[in-house]
Amino acid sequence: MKDLKKRNIVRTIVLLVPLLLGLAAVTSAQNNPACTYAGVAGEWGDTFTGTFYPPPGKATLIAAVGKATFDAHGNFSETVTSTTSDTASQETATGTYILNSDCTGTMTVSVHDESGNTPDRTATWALVFVDNARELRGIMTSEVAHLPPPPDGPGDVSVPAVITRYAKKLFPDSQNQQ
């Protein structure tokens, strides 16, 4: 009889341990949700500031404010008012973004001048979404100016830049609120 009780206890432990470990994993996953395109989608208030070095390489300060839209399919658009050391301008930007489940990502953006002409530059950003995907931080990792091709210009030129971005979701949906 004692052997039967011991076997039942061992059998119960063998069955319960995986069940308890599975429940712990589910609870952990619920407490650490992954970022999703649907969770990021929406309108964002956006600012970015920094310094870039357009040809011929003179340091130029930039500050910008805009309204950005991320959709649930990896597309991005934005209207921006920016100021540089000597000019204020309106621009539009369109592009795509890639979102990782750990809330990091990248974004590639084509910037158009006020007339909406072909992109005058393309920028790539490293991103991280924070505060349950209600805020965004970013840093520009590359920028290419699209200048006239030879013989009138140099063509595409890499533009060194140190520019950071901060954005906050304008209307967080109920699933992103705490």
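Sequential numbering from 1 along the given sequence is applied to the chain's residues.
The two residues Ala72 and Ala38 come nearest to each other via the heavy atoms CB-CA, 4.1 Å. When all heavy atoms are compared, the tightest approach of Ser110 to Thr122 is OG-OG1, 4.0 Å. Taking both residues in full, the closest heavy atoms of Ala145 and Arg121 are given as CA-CB, 4.0 Å, listed atom of the first, atom of the second, then distance. Counting all heavy atoms, side chain and backbone alike, Lys169 lies closest to Gly42 at CE-CA, 4.2 Å. When all heavy atoms are compared, the tightest approach of Asp102 to Thr104 is OD1-OG1, 2.6 Å. Across Cys35 and Phe129, no two heavy atoms sit closer than the pair SG-CB, 4.4 Å.
Thr124 contributes no side-chain N or O that, together with a main-chain N or O of Thr141, makes up a donor-acceptor pair within less than 3.5 Å. Panel note: side chain Thr60, backbone Lys58; a donor-acceptor pair is recorded below 3.5 Å. The backbone N or O of His73 sits less than 3.5 Å from a side-chain atom of Asp71, completing a donor-acceptor pair.
Going from atom OG1 of Thr83 over to atom CG of Leu61 covers 9.0 Å, rounded to the nearest 0.5 Å. The CG atom of Leu136 lies 5.0 Å from the CZ atom of Phe70; values are rounded to the nearest 0.5 Å. Taking OG1 of Thr164 as the reference point, atom CD1 of Ile139 lies at 7.0 Å (rounded to 0.5 Å). To the nearest 0.5 Å, atom CD1 of residue Ile98 and atom CE of residue Met107 are 12.0 Å apart. To the nearest 0.5 angstrom, Glu43 atom CD is 9.0 Å from Ser77 atom OG. With rounding to the nearest 0.5 angstrom, the NZ atom of Lys168 is 7.0 Å from the CG atom of Asp131.
Cluster annotation: Val128 and Val40 are assigned to distinct hydrophobic clusters (Ile/Leu/Val/Met/Phe/Trp/Tyr, side-chain heavy-atom contacts under 4.5 Å, transitive). A continuous path of Ile, Leu, Val, Met, Phe, Trp and Tyr side chains, each step under 4.5 Å between heavy atoms, connects Val111 with Ile62, placing both in one hydrophobic cluster. Clustering ILVMFWY residues whenever any of their side-chain heavy atoms sit less than 4.5 angstrom apart, transitively, puts Val80 in the very cluster that holds Ile163. Phe76 and Trp125 fall within a single hydrophobic cluster, where Ile, Leu, Val, Met, Phe, Trp and Tyr side chains are chained together by heavy-atom contacts under 4.5 Å.
A donor atom on one side chain and an acceptor atom on the other are found under 3.5 Å apart for His146 and Asp156. With no hydrogens or angles considered, a side-chain donor-acceptor pair links Ser82 and Ser89 at under 3.5 Å.
At a threshold of 4.5 Å between non-hydrogen side-chain atoms, the residues Tyr166 and Arg137 count as touching. Counting heavy atoms from C-beta on, the side chains of Asp46 and Glu78 come closer than 4.5 Å.
Ring orientation note: the planes of Tyr37 and Tyr97 are tilted relative to one another, at an angle of 30° to 60°.
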